[in-house]
Trainee: 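Would you mind keeping the following structure in view while I ask a few things?
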Amino acid sequence: MPELPEVETVVRGLGKLLPRQTIKTVEVLSAKSFLKATGLTEKPAAIEGLKIRSLSRRGKGIIIHLTRDYCLLIHLKMTGQLVYIEKDAKKRLNYGHPDANFLESMPSSHTRVFLRLTNGVLYFNDQRRFGYVKLTREELLDSDPFIKRLGIEPLSLEFNSKFLAGLARRRARSNIKATLLDQSGVVGVGNIYADEALFDAKVQPTRLGDSLSPTEITRLTKSVKKVIALGIKYSGTSLTHYKTGEGAQGKMQNHLKVYGRTGLPCTVCKTPIKKIRTAGRGTHYCPSCQK
DNA sequence: TGCCCCCTGCAG
DNA sequence: CTGCAGGGGGCA
């Protein structure tokens with residue numbers, strides 16, 4: 001579910017609320033959802049008494065840095081949520097508001113792990129159990145099997161048209177959409193933002209890497225940066241599961257041009273948006289604007 | 001470099 | 001009931 005803008009929103013939000021708090025207790029309701037880095041034998045309770053120092057993000061992964069060089073690497077995958085509820089917050093909720101209803105339902109049947117902190121509770125919910133909370137250590141992060149495969153950040157200076165041209169050349173016979181989704185190249189782009197970026201760049205998702213002109217590569221590079229930045233600006237896309245760290249809805253769903261708009265008129269040319277299957281995923285595009 | 005799969009729930 | 005869902009690991 002969450003792509004870079006959603007994960008970044010959660011990290012920024014919780015990064016203001018959690019640091020300096022102590023982990024009082026750890027509750028693991030689904031053993032499958034709590035992993036340990038290879039070599040670590042500690043039980044979940046080993047982090048009880050430690051403090052949260054800071055939060056950071058690597059690709060679509062969330063890292064909660066703890067004292068004594070421990071950390072939690074959290075991946076939300078498709079349906080994960082990481083939501084903090086301050087003590088007594090429920091009393092202050094505006095009854096009937098969708099965010100209030102959601103917060104009131106915590107812990108829910110999908111809560112897999114939760115941490116009782118000094119001033120509140122941090123819930124990890126995950127309907128499909130694809131995601132995880134992994135106990136690890138600072139010195140083990142770079143060799144983590146997930147982290148070590150990650151490529152570069154889309155909003156960084158290293159991600160430029162030269163870099164994307166190189167990626168497309170290396171994956172000459174792959175769909176450009178598959179290349180955007182591959183986290184070993186550029187990180188953080190998922191199904192929504194890939195479709196949105198390709199629409200913005202006026203490039204068909206099924207175009208092969210070696211068929212893109214330099215102009216198209218340049219456009220697509222800018223479009224990736226543009227839609228990712230827009231997603232962050234609007235606190236992410238809430239379609240079904242995604243919530244911010246405070247349990248609120250994102251707003252980017254109101255600004256999507258093609259994703260989830262099958263059959264609706266293109267915002268530019270009114271041609272109905274088409275949905276196909278590419279790279280194993282539902283893919284939305286305008287057959288007229290995108291060449 | 002593509003596919004199947006992990007798992008659960010919802011819409012058609 | 002089948003198919004599909006913001007991800008990505010493991011396997012040809």
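By convention in this document, chain letters (A, B, ...) are assigned in the order of the sequence lines, proteins followed by strands, and residues within each chain are numbered from 1.
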Trainee: Considering Watson-Crick and G-U wobble pairs with both distances under 3.5 Å, what does B:dC7 pair with?
Mentor: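 Looking at the geometry, B:dC7 pairs with no nucleotide.
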Trainee: Within the structure shown, what part of the strands sits under 4.0 Å from A:Gly236 by heavy-atom distance: base, sugar-phosphate, or nothing?
Mentor: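 If one applies the 4.0 Å heavy-atom cut-off, A:Gly236 turns out to touch nothing in the nucleic acid.
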Trainee: Which of the following nucleotides, C:dG7, B:dC6, B:dT8, is nearest to the side chain of A:Lys60?
Mentor: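 The nucleotide sitting nearest to the side chain is C:dG7.
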Trainee: What does A:Arg281 touch in the nucleic acid at a heavy-atom separation under 4.0 angstrom: a base, only the sugar-phosphate, or nothing?
Mentor: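 Base contact - A:Arg281 has a heavy atom under 4.0 Å of at least one base atom.
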Trainee: Taking the side chain as every heavy atom from C-beta outward, state whether A:Met252 and A:Tyr242 have any atom pair closer than 4.5 Å.
Mentor: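 A:Met252 vs A:Tyr242: side chains apart.
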Trainee: Could you walk me through whether A:Arg58 and A:Asp142 pass the salt bridge (charged side-chain N to carboxylate O under 4.0 Å, His left out) check?
Mentor: CA-CA 10 Å; A:Arg58 302 280 282 272; A:Asp142 284 343; 3.0 Å; yes
Trainee: Is the shortest side-chain N/O distance from A:Thr79 to OP1 or OP2 of B:dG9 below 4.0 Å?
Mentor: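 A:Thr79 to B:dG9 OP1/OP2: no side-chain N or O under 4.0 Å.
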Trainee: Between C:dC11 and B:dC7, how far apart are the two P atoms, rounded to whole Å?
Mentor: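 One P to the other, the span is 16 Å.
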Trainee: When you compare B:dG9 with C:dG9, how far apart are their P atoms, in angstrom units rounded to a whole number?
Mentor: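 Here B:dG9 and C:dG9 have their P atoms 24 Å from each other.
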Trainee: Any N or O donor-acceptor pair under 3.5 Å from the base of B:dC7 to the side chain of A:Arg128?
Mentor: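 Under the 3.5 Å cut-off, the side chain and the base do form a donor-acceptor pair.
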Trainee: Using only side-chain N and O atoms of A:Arg277, determine if any of them is under 4.0 Å from OP1 or OP2 of C:dA5.
Mentor: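 Yes, such a contact exists.
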Trainee: A:Gly190 near the nucleic acid: base, sugar-phosphate alone, or nothing, with a heavy-atom cut-off under 4.0 Å?
Mentor: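 Sugar-phosphate only.
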Trainee: With side-chain contact (heavy atoms from CB on, under 4.5 Å) as the test, would you mind laying out the steps for A:Cys269 and A:Cys286 before giving the verdict?
Mentor: CA-CA 9 Å; A:Cys269 75; A:Cys286 173; 3.6 Å; yes
Trainee: Is the phosphate of B:dG9 approached by A:His241 (side-chain N or O, under 4.0 Å from OP1 or OP2)?
Mentor: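 For A:His241, the contact criterion (side-chain N or O under 4.0 Å from OP1 or OP2 of B:dG9) is not met.
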Trainee: Under 4.0 Å, heavy atoms only, any strand: does A:Tyr193 hit a base, just the sugar-phosphate, or nothing?
Mentor: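 Contact class for A:Tyr193: none.
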Trainee: Could you check which of C:dG8, C:dG7, C:dA5 has an atom nearest any side-chain atom of A:Tyr259?
Mentor: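 From the listed options, C:dA5 comes nearest.
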Trainee: Going by 5.5 Å between centroids and 30° between planes, is there a stack of A:Phe130 over B:dC6?
Mentor: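 So A:Phe130 counts as stacking on the base.
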Trainee: With rounding to the nearest 0.5 angstrom, report the NE2 to NZ distance, A:His75 to A:Lys134.
Mentor: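 Answer rounded to 0.5 Å: 10.5 Å.
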Trainee: Would you indicate which nucleotide in B:dC7, C:dG8, B:dT1 comes nearest to any side-chain atom of A:Phe146?
Mentor: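 Shortest atom-to-atom distance from the side chain points to C:dG8.
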